[in-house]
Amino acid sequence: MSGYRIPFNKPGLAGNELAYIADAIQRGHSAGDGCYTAQCQDLLQRDLGCPRAFLTTSCTHALEMCAFLLDIQPGDEVIVPSFTFVSTVNAFVLRGAKPVFIDVRPDTLNLDERLLKGLLTPRTKAILPVHYAGVGCEMDAIASVAGRYGVKVVEDNAHGLFARYRGKYLGTFGQLATQSFHETKNVSCGEGGALIINDPIYVERAEIIREKGTNRSRFYRGEVDKYTWVDLGSSFLPSDLLAAFLWAQLEKYEEIRTTRHRIWQTYAEGLSEWAGNAGVSLPYIPPHVEQSYHMFYLMMPSLTARSRLIQHLKARGILAVFHYVPLHLSDMGMRFGGRAGACPITESVSDRIVRLPFYNDLSPDQQAEVIETIRTFRC
Ligand SMILES: Cc1ncc(COP(=O)(O)O)c(C=O)c1O
């Protein structure tokens, strides 16, 4: 959105994006699965320690691939937080699944694992934890319930690349996980994502689904003498030009993380006294979790206070935003039986959350201005 001196988000450049794109063009491979795609996938596999990572055109598409891989059929149920982006659930509804909305914990805004048992039925196929703001869900409890009931876990880790839960990377707990490289994410290429496969049984089929349902990848490797239609699928692989852009960011992910850590810490320190006096909560990070520093939010005491704060910032040229209209109260969610009061924490936080400007190039002066402007606000 333009017209703000301090926008909410500004896609950052890590430095080598144009050089790598030019190189990809010169190599004459601009379709998918060129050398930059391979480099990005290798880095994800090596650093996360997962058996296989596939770049995709978006996190949304990676989630759609998960629904294919789990063979979701009409009437299957998936347990999904109501407080998430629409793609977490739409990807499964596209295959006929019925979403079962679960409320979030009031502290981390992650799926409340204590509610899982009450929502599982013989039709439950998958639990979809979303690591909100790159702060890990309670994966021990989730994995234990899923294991006991024979249900798969797909982590939507759009926000949490290289964050950890009890020392282990997010995205490496579920059988499958997804990442986003959308321009609002810590590491981005405009639009992009990745499918992380932790159970190798899914690798072969994922390769086919990502290549329009064909065994083209096997053909390129010389394993078959022609390629053909062998399964369902779509075009889920990104151009190598996008992968070249992404590589420029991924190779600097530690620097990006350091920058974002500083921004997050500066907000936390600069706003804690004001928040305490104003009845505002700051994000809670459990001690056993290392977050990704994806976002900084304020939990205001009321909807009115939230609207007034956003207006106060806007009048001074600063854009702050809110998000996630509860999915169970959306038009689609209500068609699946969603009703007011079903997820009370989600309904409350969705009215009160404000996300502050947060991007790699947010300068210390700009951030000081955001903090000072908030400090002059009275709830
Ligand atoms: C939790 C979550 N999941 C999925 C997505 C979709 O990501 P993408 O835009 O890469 O498809 C988003 C987008 O912001 C998100 O916040």
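Every number for a ligand or one of its atoms is a count from 1 in the order of the listing. Keep in mind that this is a model prediction, so the values were computed, not measured.
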In terms of atom number and element, which parts of ligand 1 are under 4.0 angstrom from non-hydrogen atoms of Val130? 1 (C)
Heteroatom proximity flag, Thr84 to ligand 1, N/O under 3.5 Å: no
For Cys59, take its heavy atoms, then give the atoms of ligand 1 lying under 4.0 Å from any of them. 4 (C), 6 (C), 7 (O), 8 (P), 10 (O), 11 (O)
For salt bridge (Lys or Arg N to Asp or Glu O under 4.0 Å), just list the numbers for Asp199 and Arg52, CA-CA rounded to whole Å, side-chain angles, deciding distance to a tenth of an Å, and then say yes or no. CA-CA 9 Å; Asp199 184 338; Arg52 200 62 207 268; over 6 Å; no
Below 4.0 Å, non-hydrogen atoms only: which portion of His61 touches ligand 1? Side chain, backbone, both or neither. neither
Give the atoms of ligand 1, by number and element, whose distance to some non-hydrogen atom of Lys185 is under 4.0 Å. 13 (C), 14 (O)
Report the residue from Arg260, His159, Arg257, Gln249 that forms a side chain to side chain donor-acceptor pair (under 3.5 Å) with Asn186. Arg260
For ligand 1, which atoms have a heavy atom of His159 less than 4.0 angstrom away? 1 (C), 15 (C), 16 (O)
Taking atom CZ as the centre, does Arg5 end up with more than 12 heavy-atom neighbours from other residues, nucleotides or ligands that are less than 6.0 angstrom away? yes
Answer side chain, backbone, both or neither: which part of Tyr324 comes under 4.0 Å from ligand 1, heavy atoms only. side chain
Asp156 to ligand 1: N or O pair under 3.5 Å? yes
Polar atom proximity, Thr60 to ligand 1 (N or O, under 3.5 Å): yes
